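Remarks on the structure that follows.
Atoms within each ligand, like the ligands themselves, are counted from 1 in listed order. Below, each value reflects all heavy atoms present in this structure, side chains not excepted, and no hydrogens, waters or symmetry copies. What you see is a predicted model; the values in this text were computed from it and never measured.
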Amino acid sequence: MTTTRKTPEQLRSWRWYGRDELRSFGHRSRAKQSGWGAEDYVGKPIIGILNTWSEQNSCHMHLKLTADGVRRGILQAGGHPMEIPVLSAGEMLTKPTAMFHRNLLAMEAEEVLRGNPLDGAVLLGGCDKSTPGLLMGAFSMDIPVIYMPCGPMIKGNWRGETLGSGSDVWKYWDEKRAGNLSWEQWCEIEDGIARSPGHCMTMGTASTMTALAETLGLVIPGASSVPAVDAAHVRMAAAAGRQIVENAWNDLKPSKIVTERSFENAIAVDMALGGSTNAIVHLVAMAGRLGIKLPLEKFDEISRRIPLLANMRPAGKYLMDEFYVAGGLRALLNGMRDLLHTDVLTITGKTLGENVEGCEIYQPDVIRTPENPIQPDGGTAILRGNLCPDGAVIKHAAATPELCQHTGPALVFDSYPDMKAQIDNLDLDVTKDTVLILRNAGPVGAPGMPEWGQLPIPKKLILQGIRDMVRLSDCRMSGTSYGACALHIAPESAVGGPLALVKNGDLIELDVPNRKLHLHVSDEELAKRKAEWKPAPPRYQRGFAKLFVNHVTQANEGADFDFLQHHPEGVPEPEIY
Ligand code: FES
């Protein structure tokens with residue numbers, strides 16, 4: 001890669017600190033208030049460490065140590081660190097869903113990067129929405145950044161049995177509802193399922209999105225697979241600190257690295273990992289910030305030709321500990337290099353192919369090669385039909401195979417509270433063939449597309465031993481979830497999508513091999529129902545929720561805000577008067 005190295009006067013931070021102006025006096029005097037002399041920072045790249053540490057987010061509780069590692073690397077390379085806290089949006093506590101705050105984090109990250117004297121930044125995140133949120137903001141601002149994932153937590157344990165984040169919660173909750181698990185056993189599982197700092201250690205949304213950030217070329221190679229408590233995590237953080245100083249001098253920013261071909265790699269790796277369905281909505285939103293269109297058909301086309309290679313829960317057997325010691329993402333990428341654009345640039349200044357050259361797979365049952373895949377195609381399919389004119393998503397790799405071609409009568413829940421009030425009713429009119437539907441749970445309806453899509457199996461059926469059935473919704477499901485759940489139905493019911501028109505007893509056909517989701521109701525009858533349909537009155541009169549429902553786009557468009565999409569003229573640099 002040929003680069004033009006900046007002079008100190010060309011650094012962005014020079015505008016704040018380097019000039020002989022009234023405002024620069026103020027900036028420098030307040031730097032002195034912070035204990036910094038000119039020798040600390042003037043003429044050096046100033047690197048933001050955007051830290052999502054928060055006591056609200058247990059996945060990120062070690063990020064102060066990670067930030068110290070980044071700081072060490074920045075200083076070693078001759079830069080100057082400036083740590084700045086940003087919104088954390090922890091997946092567990094943020095309601096109605098952390099997805100509601102993804103765009104808020106993206107706005108904050110963009111404006112923090114723009115409004116401060118930063119020449120580059122290292123972004124610390126990992127818990128689900130923090131990865132797309134931080135990167136969407138960074139793409140829109142477009143200064144050099146490196147993403148530093150927090151790393152997965154170590155695997156869970158209960159009475160000698162391995163527990164996986166999320167996946168085993170859903171599994172054992174059903175057993176508890178069936179009367180097969182005592183309160184004491186349930187509490188023991190609570191003790192053992194989250195044993196260290198770090199994000200969920202299944203191939204859920206966090207593990208998927210950090211791996212895709214690395215595939216996009218934005219992470220120090222290998223860092224996304226390193227467990228949070230492994231000493232290599234902090235060494236990787238220091239490496240990120242050193243690299244970002246170099247990248248600030250060379251102005252190696254996202255628009256120079258991330259292209260449509262990088263996103264094609266990310267989609268391919270998502271399919272090879274059996275990654276979270278959430279990755280689709282996040283990748284579409286991230287690409288949109290760079291003016292790159294990712295139609296859902298691209299995901300389906302890539303899914304049909306990329307084999308499932310990672311034997312990871314919930315679609316497979318292993319957890320991130322095992323993935324790391326099996327060689328991690330670099331080994332997977334090297335093993336499937338013939339299926340990737342290996343010539344794309346990364347934050348190392350080298351290509352993706354150069355970064356993973358020679359990386360070996362040490363545990364071939366954990367990470368397969370295209371010659372010996374778990375299944376010949378990818379883990380996620382895109383559905384079309386009269387029920388989802390703008391698409392729907394299903395992770396069929398984690399569904400009961402027999403349910404992937406199924407026709408059954410609908411049982412409709414109008415909202416999550418409606419579902420919750422009915423699901424344990426032993427008189428519910430439901431059989432194993434019923435298709436459960438949840439509506440008013442999409443980007444506008446919920447709002448924020450919460451992870452409600454793995455609807456609970458009705459208690460009546462749980463007691464009969466049923467553990468999976470076809471479920472449809474306009475929301476998302478956790479990447480740690482499993483089952484025959486078609487999600488992200490667009491347009492959503494709250495804006496009058498066909499899901500709003502379904503009535504109990506209507507026949508619905510799911511046909512994953514043929515990518516079809518069809519409501520067996522005539523067009524005339526649907527037109528009649530549509531003419532009678534009325535939107536709910538607005539729920540929000542003020543605040544972020546009002547902004548959200550007025551501007552969020554549909555799932556197939558990434559559920560980003562319409563006014564944050566890429567604009568060729570961008571946003572001007574702030575004036576410094
Ligand atoms: Fe943070 Fe799952 S709760 S990654």
Side-chain angles (χ1 to χ4, degrees), residues 51-64 66 86-102 105 123-135 147-156 162-173 189-190 192-214 219 223-230 233 270 273-279 281-282 312-315 319-321 323-324 329 395 398 448-454 475-482:
N51 196 346
T52 52
W53 175 90
S54 166
E55 289 184 335
Q56 179 264 358
N57 187 347
S58 52
C59 298
H60 292 184
M61 64 181 165
H62 60 305
L63 286 186
K64 287 183 178 178
T66 310
V86 291
L87 179 70
S88 200
E91 191 64 27
M92 283 294 151
L93 298 183
T94 306
K95 306 298 176 195
T97 161
M99 182 67 173
F100 186 58
H101 283 178
R102 184 200 67 180
L105 171 59
L123 315 172
L124 309 190
C127 187
D128 291 20
K129 310 305 175 288
S130 58
T131 302
L134 288 165
L135 288 175
Y147 189 67
M148 181 63 211
C150 71
M153 66 178 94
I154 60 173
K155 59 187 178 184
T162 296
L163 294 176
S165 309
S167 307
D168 281 306
V169 179
W170 326 128
K171 178 175 136 186
Y172 285 111
W173 178 241
I189 292 172
E190 189 176 296
I193 200 162
R195 297 171 50 226
S196 82
H199 64 65
C200 292
M201 74 324 234
T202 37
M203 189 49 73
T205 305
S207 303
T208 305
M209 290 310 301
T210 54
L212 301 191
E214 183 170 330
V219 172
S224 69
S225 310
V226 179
V229 294
D230 194 295
H233 172 71
D270 180 32
L273 289 171
S276 166
T277 45
N278 287 326
V281 75
H282 294 322
M312 300 288 289
R313 295 193 202 185
L319 296 170
M320 286 302 290
D321 277 18
F323 186 70
Y324 175 53
L329 183 71
K395 185 171 179 174
M449 287 183 85
E451 294 183 339
W452 295 337
Q454 188 195 27
C475 55
R476 301 170 299 116
M477 75 176 184
S478 164
T480 64
S481 296
Y482 50 86

By the definition side-chain contact (heavy atoms from CB on, under 4.5 Å), identify the one residue from Glu451, Arg476, Gln454 that meets it with Ser481. Gln454
Test Thr480 against Trp170 for side chain to side chain donor-acceptor pair (under 3.5 Å), laying out the working first. CA-CA 9 Å; Thr480 64; Trp170 326 128; 3.3 Å; yes
With a cut-off of 4.0 Å, which atoms of ligand 1 are near a heavy atom of Asp128? 2 (Fe), 4 (S)
Is Cys127 close enough to atom 1 (Fe) of ligand 1 to have an N, O or S atom under 2.8 Å? yes
Flag Cys59 as yes if one of its N/O/S atoms falls below 2.8 Å of atom 1 (Fe) of ligand 1, otherwise no. yes
Atom pair OG1 (Thr162) and CZ (Arg313), whose distance is rounded to the nearest 0.5 Å: 6.0 Å
Which residue owns the protein heavy atom closest to atom 2 (Fe) of ligand 1, what's the atom, and how far is it? Cys200 SG, 2.2 Å
Can you sort out which atoms of ligand 1 are near Glu91, meaning under 4.0 Å from one of its heavy atoms? 3 (S)
Looking only at side-chain N and O atoms, does His60 offer a donor or acceptor that is under 3.5 Å from a partner on Thr52? yes
With heavy atoms of His199 as the reference, note each atom of ligand 1 found under 4.0 Å away. 4 (S)
So, Tyr147 and Thr131: side-chain donor and acceptor under 3.5 Å apart, yes or no? yes
Within a distance under 4.0 Å of any heavy atom of Ala206, pick out the atoms of ligand 1 and give their elements. 4 (S)
Does the side chain of Thr208 come under 3.5 Å of the side chain of Ser276 through a donor N or O and an acceptor N or O? no
